[in-house]
There are 2 protein chains.
Amino acid sequence: MVEQHPAQLDAVFHALADATRRHMLRSLATHEHSIGELAAPFHMSFAGASKHVKVLERAGLVRRTVQGRTHLCRLEAQALAEAHEWMRYYEKFWNNRLDALEALLRAGDQAPKPSPSQKGKKP
Amino acid sequence: MVEQHPAQLDAVFHALADATRRHMLRSLATHEHSIGELAAPFHMSFAGASKHVKVLERAGLVRRTVQGRTHLCRLEAQALAEAHEWMRYYEKFWNNRLDALEALLRAGDQAPKPSPSQKGKKP
DNA sequence: GACTTATTAAACCAAACGGTTGACAAATTC
DNA sequence: GAATTTGTCAACCGTTTGGTTTAATAAGTC
């Protein structure tokens, strides 16, 4: 019921709440990139991209290895897994819409489920 | 590769990037709540809670029905599903860690991956 | 050593955030 | 009708954000 790592979740969700950073993650999914390469698609200054990467790093989504004068960034998806897991708690609310939800809410009492006929569910 | 609803994702992730709002969602998962009920656990002003709820509403995570003078808020999980789906793309990076990942990375280029010994090539 | 490249640091800016207070409006209760 | 409850709105405050520009640093290159 209580979150284990609220600050971590804060950081991850905040990092994801920006289209530029999400795009960077997509790029990093295929292979590593330097800061400059990450900045390029957005006609954004180096410093701007550097800040975004730092946000991703703080969230644990990216790890950097300095190699000579270039900083190579690599996706670190484990942090995403935690946020994903957090969301999974709500899966029941969008998956089995009414049936399972009602069943869940009725968990306390044993009343049989009234057969719904309006949501176009398939057997 | 291109996101379908970037603004929607922005709103959802931003809404989730706050522990207070995440807690509100948890409360709403069990049953509906008024603004005042949502505010109570945080010894926060009505206006403060009202702002948070508005953020959740804008993200499509909460729907409100005015009933007399009280505003009843209900969880709307479908918006979460979309964000969840976005993250699912990265599942392969934390599930089958190295095998599938390396296979994926080698898909395009045939260069053998050097062992993670050291990068220093200069004498 | 001088130049170029890749990146950070620092200072700045306008906008947004999270929160408050005070004034107001609509239901409800007395 | 007056008071209370439930909530919004607008203004404010201090902090953070996303971005810039201008140095400054560190590593290759000539």
Side-chain angles (χ1 to χ4, degrees), chain A residues 3 6-25 27-28 31-74, chain B residues 3 6-28 31-59 61-74 118-123:
Chain A
E3 293 175 3
Q8 170 77 3
L9 282 178
D10 281 11
V12 169
F13 283 131
H14 168 243
L16 297 182
D18 182 284
T20 301
R21 287 192 289 265
R22 288 198 304 274
H23 195 111
M24 288 178 167
L25 286 182
S27 305
L28 292 174
H31 42 71
E32 303 184 339
H33 283 293
S34 69
I35 307 283
E37 289 168 352
L38 288 174
F42 305 102
H43 60 286
M44 172 187 292
S45 70
F46 261 110
S50 178
K51 280 187 174 186
H52 277 304
V53 170
K54 223 175 303 178
V55 171
L56 292 169
E57 258 184 315
R58 206 181 318 140
L61 291 167
V62 155
R63 200 153 63 172
R64 159 192 332 222
T65 55
V66 180
Q67 197 159 6
R69 62 185 163 182
T70 82
H71 295 205
L72 269 190
C73 299
R74 168 165 81 266
Chain B
E3 294 174 2
Q8 171 77 4
L9 282 178
D10 281 11
V12 170
F13 282 132
H14 168 243
L16 297 182
D18 182 285
T20 301
R21 286 191 291 264
R22 289 198 303 275
H23 195 111
M24 286 177 167
L25 287 182
R26 271 296 154 111
S27 303
L28 292 174
H31 41 71
E32 305 186 337
H33 284 293
S34 68
I35 307 281
E37 289 167 352
L38 287 174
F42 305 102
H43 57 287
M44 173 188 293
S45 68
F46 267 50
S50 178
K51 279 186 174 185
H52 278 303
V53 169
K54 223 176 301 179
V55 171
L56 292 168
E57 258 184 316
R58 207 182 317 140
L61 291 166
V62 155
R63 199 152 66 170
R64 159 193 332 222
T65 55
V66 180
Q67 199 158 4
R69 63 183 164 183
T70 83
H71 295 206
L72 268 191
C73 299
R74 167 166 81 266
Q118 73 256 6
K119 329 280 182 138
K121 282 190 282 201
K122 69 171 173 78

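Protein chains get the first letters and strands the later ones, always in sequence-line order, with residue 1 at the start of each. FYI, side chains are in, hydrogens and waters are out, and symmetry mates aren't considered; it's all heavy atoms of this structure.
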Quickly work out the K51(B) NZ to dT6(D) P distance and round it to whole Å. 22 Å
Nearest whole Å is fine: how far is dA6(C) C1' from H33(A) NE2? 16 Å
Look at all strands and tell whether A49(B) reaches a base, only sugar-phosphate, or nothing, counting heavy atoms closer than 4.0 Å. nothing
Categorize G36(B) for me: base, sugar-phosphate, or nothing, with a 4.0 angstrom heavy-atom threshold over every strand shown. sugar-phosphate
If you measure from CG on L72(A) to CD1 on I35(A), what distance do you get to the nearest 0.5 Å? 9.0 Å
Which distance, rounded to the nearest 0.5 Å, do you find between the CG of L28(B) and the CD of E37(B)? 9.5 Å
Check the phosphate of dA6(C) against T70(A), side-chain N and O only, distance under 4.0 Å to OP1 or OP2. Yes or no? no
Looking at H23(A) versus F42(A), is the centre-to-centre ring distance below 6.0 Å? yes
Distance, rounded to the nearest Å, where D18(A) contributes CG and dC17(C) contributes C1': 15 Å
Between P of dT17(D) and CE of M44(A), the distance in whole Å: 15 Å
For dC17(C), does either OP1 or OP2 sit under 4.0 Å from a side-chain N or O belonging to H14(B)? yes
Nearest-0.5 Å distance, SG of residue C73(B) to CD of residue E32(B): 8.5 Å
Expressed as a whole number of angstroms, how long is the span from Q67(B):CD to dT6(D):P? 14 Å
What is the distance, to the nearest angstrom, from the CZ atom on R58(A) to the C1' atom on dT17(D)? 10 Å
Figure out the CD1/C1' separation between I35(B) and dA27(C), and round it to whole Å. 16 Å
Does OP1 or OP2 of dC9(D) have a side-chain N or O of K54(B) closer than 4.0 Å? yes
Check every atom of dG7(D), dA10(C), dG19(C) against the side chain of T20(B) and return the nucleotide holding the closest atom. dG19(C)
Report the distance from atom CZ of F46(B) to atom C1' of dG22(C), rounded to the nearest whole Å. 16 Å
Assign each of R69(A) and H52(A) to its nearest nucleotide of DNA chain D by heavy atoms, then name whichever residue's nucleotide is nearer the 5' end. H52(A)
Mind checking the OG1-CZ spacing from T65(B) to R74(B)? Nearest 0.5 Å is all I need. 6.0 Å
So, does H71(B) get its side chain near the phosphate of dT8(D), meaning an N or O under 4.0 Å from OP1 or OP2? yes
If you compare every side-chain N and O of S45(A) against the phosphate oxygens of dT20(D) (OP1, OP2), does one of them come in below 4.0 Å? yes
